[in-house]
Amino acid sequence: MVNRLILGRPLRGVAFDAAVCGLVVFFVLSGYFAGLTGLAASAVGLAMAAVLFFRRTHPSAVGVLVAALALVQVIAGWGPFSYDVAVLIALYSVVKYADRLRDGIVAGVVAAIGGVLAALQSPGTGPWWMGAFFYALIVGAVWLAGLNLRTRRLYVVSLEERAATLEREREAEARAAVAEERTRIARELHDVVAHSMAVMIVQADGVRFTLDRDPATAREAAKVVADTGRAALEEMRRLVGVLREPDRPEPLPAAGEPAAEPAHRRPALVELPALLDRFRAAGLRIACGGAGTPRALPPGLELTVYRVVQESLTNALKHAGVGASVELTLDWAADAVVVRAVDDGGGAPVVRPAPSGGHGLVGMRERVGVYDGSLAAGPTLAGGWRVQARLPLPAAAGIEEGSAAA
């Protein structure tokens with residue numbers, strides 16, 4: 001990339017470090033040509049300038065090298081030079097960029113000791129301790145400046161990390177929401193398609209076998225096929241409409257007109273009689289009853305009850321066959337609603353039954369599990385099949401007077 005050049009560092013940082021190195025080199029050359037430093041001392045200064053180029057990426061190593069070169073200078077007896085500003089730059093870099101603040105503390109102590117040694121070597125008009133105090137002030141000011149900027153840098157880094165963490169969490173939540181939505185859509189499509197196709201296949205077979213000998217019955221069965229197909233298509237249209245336009249606002253009705261039904265309306269328990277009539281028309285003999293007083297349910301829980309009934313009757317039609325008797329009960333207790341569907345398994349077998357994907361019971365268990373309910377399904381001693389779902393009722397649900405759905 002254009003803004004990256006060396007060691008993955010931004011071009012601006014590389015240019016600034018190069019300028020710092022150039023400043024130290026300028027001090028070295030100016031002292032050499034002015035006769036203040038010899039060739040060996042100038043070489044030490046150029047080495048300091050070279051290692052400062054890596055002060056951001058390897059601050060502790062740069063601090064050690066600069067300290068070693070400064071120690072060579074002290075041992076050789078070369079008095080403080082202008083290029084010794086490299087020591088302060090290295091100290092600042094260690095305090096600001098080192099991974100551990102402990103490195104910066106060690107660097108500050110070493111720099112202070114170096115200042116004392118420099119005061120001892122440099123001639124002056126006053127006592128040596130005044131020079132040491134002066135150097136200590138400079139070292140302390142540089143160390144505090146590095147600490148201040150280190151704190152700000154780490155604060156910015158923490159904000160960036162927090163933002164990155166929040167972004168990852170949002171992405172994870174989005175992926176989880178997508179997965180949950182796909183599961184919900186799969187359940188809805190299974191309920192719509194499996195129920196409707198089972199009814200249509202049974203009725204279509206009936207049309208084929210009764211067309212010649214009982215045209216009236218065949219016409220009635222064909223009407224059931226058409227009505228079931230239209231209802232399934234309408235439900236799928238509503239579901240797909242929600243997926244395509246989730247945020248589309250509903251149009252406001254004109255003055256005096258009733259509110260339009262939303263495209264994403266879910267089946268409700270008041271539609272159970274129509275559902276039972278479709279299954280009766282398909283050939284099931286359904287007896288519906290129950291105990292207790294029906295209660296108002298949240299939309300999601302109401303849809304779960306409806307789908308459990310629908311799936312139970314669909315399985316009875318597919319596996320028990322036409323003519324099977326089904327006893328359906330909805331018992332309303334103080335804390336739960338219990339849905340029970342028991343067939344006798346005594347219907348006529350379907351000639352070519354609809355293929356089963358094995359997801360009906362799984363889907364019902366998932367729906368019931370969302371509301372902390374329980375589902376039991378299995379064969380009966382009489383040769384039929386029994387499905388029972390118990391769904392806890394919310395404590396705040398109001399009680400509505402009315403007849404049980406039948």
Side-chain angles (χ1 to χ4, degrees), residues 187 190-191 193-206 208-210 217 220-221 224 228 267 269 271-292 294 304-333 335-369 371 373-392 403-406:
R187 286 200 301 262
H190 174 271
D191 292 338
V193 174
H195 156 68
S196 303
M197 293 301 103
V199 174
M200 293 171 68
I201 288 173
V202 171
Q203 293 298 313
D205 284 339
R208 184 174 62 176
F209 287 104
T210 60
T217 302
E220 184 64 24
V224 173
T228 304
L269 292 183
E271 300 178 26
L272 275 182
L275 178 69
L276 301 185
D277 289 341
R278 289 199 297 269
F279 278 104
R280 291 187 178 109
L284 289 180
R285 292 179 294 175
I286 303 174
C288 184
T304 298
V305 174
Y306 181 92
R307 292 303 189 196
V308 169
V309 173
Q310 183 185 58
E311 183 64 28
S312 301
L313 297 179
T314 299
N315 290 339
L317 181 62
K318 290 169 60 176
H319 301 293
V322 177
S325 297
V326 181
E327 181 181 354
L328 176 67
T329 58
L330 273 74
D331 294 332
W332 297 83
D335 59 345
V337 56
V338 179
V339 181
R340 186 181 300 105
V342 183
D343 67 75
D344 60 359
V350 181
V351 178
R352 294 182 61 188
S356 175
H359 300 299
L361 290 177
V362 175
M364 279 197 290
R365 282 197 175 92
E366 290 180 351
R367 285 185 180 277
V368 172
Y371 295 96
S374 60
L375 178 74
T380 63
L381 295 178
W385 190 266
R386 174 176 175 271
V387 175
Q388 177 173 313
R390 183 183 186 278
L391 291 160
S403 59

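Of all heavy-atom pairs between Pro392 and Tyr371, the closest is CD-O, 3.4 Å. Residue Leu284 comes nearest to Leu313 through the heavy atom pair CD1-O, 3.6 Å, listed as atom of the first residue, atom of the second, then distance. When all heavy atoms of Ala389 and Leu375 are compared, the closest pair comes out as CB-CD1, 3.7 Å. Annotation for Val338 and Gln388: closest pair CG1-CG, 3.9 Å, computed over non-hydrogen atoms. Taking both residues in full, the closest heavy atoms of Val339 and Leu330 are given as CG2-CG, 4.4 Å, listed atom of the first, atom of the second, then distance. The minimum heavy-atom distance between Phe279 and Gln310, with the atom names listed, is CZ-O, 3.8 Å.
Between Asp344 atom CG and Arg386 atom CZ the span is 15.0 Å, to the nearest 0.5 Å. For the atom pair Lys318 NZ and Glu311 CD, the distance stands at 7.0 Å (nearest 0.5 Å). Taking CZ of Arg307 as the start and OG of Ser312 as the end, the distance is 12.5 Å to the nearest 0.5 Å.
Atom CD of Glu327 is surrounded by 12 or fewer heavy atoms from other residues, nucleotides or ligands within 6.0 Å.
Of the candidates Thr304, Leu272, Thr314, Leu269, Leu272 is the only one forming a side chain to side chain contact (heavy atoms under 4.5 Å, CB included) with Val309.
Counting heavy atoms from C-beta outward, Val387 and Asn315 have side chains that stay 4.5 Å or more apart.
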Q | Derivation of the salt bridge (Lys or Arg N to Asp or Glu O under 4.0 Å) call for Asp335 and Arg390 | A | CA-CA 10 Å; Asp335 59 345; Arg390 183 183 186 278; 3.4 Å; yes
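In terms of modelled atom types and a separation under 3.5 Å, the side chain of Asp343 and the main chain of Val326 share no donor-acceptor contact.
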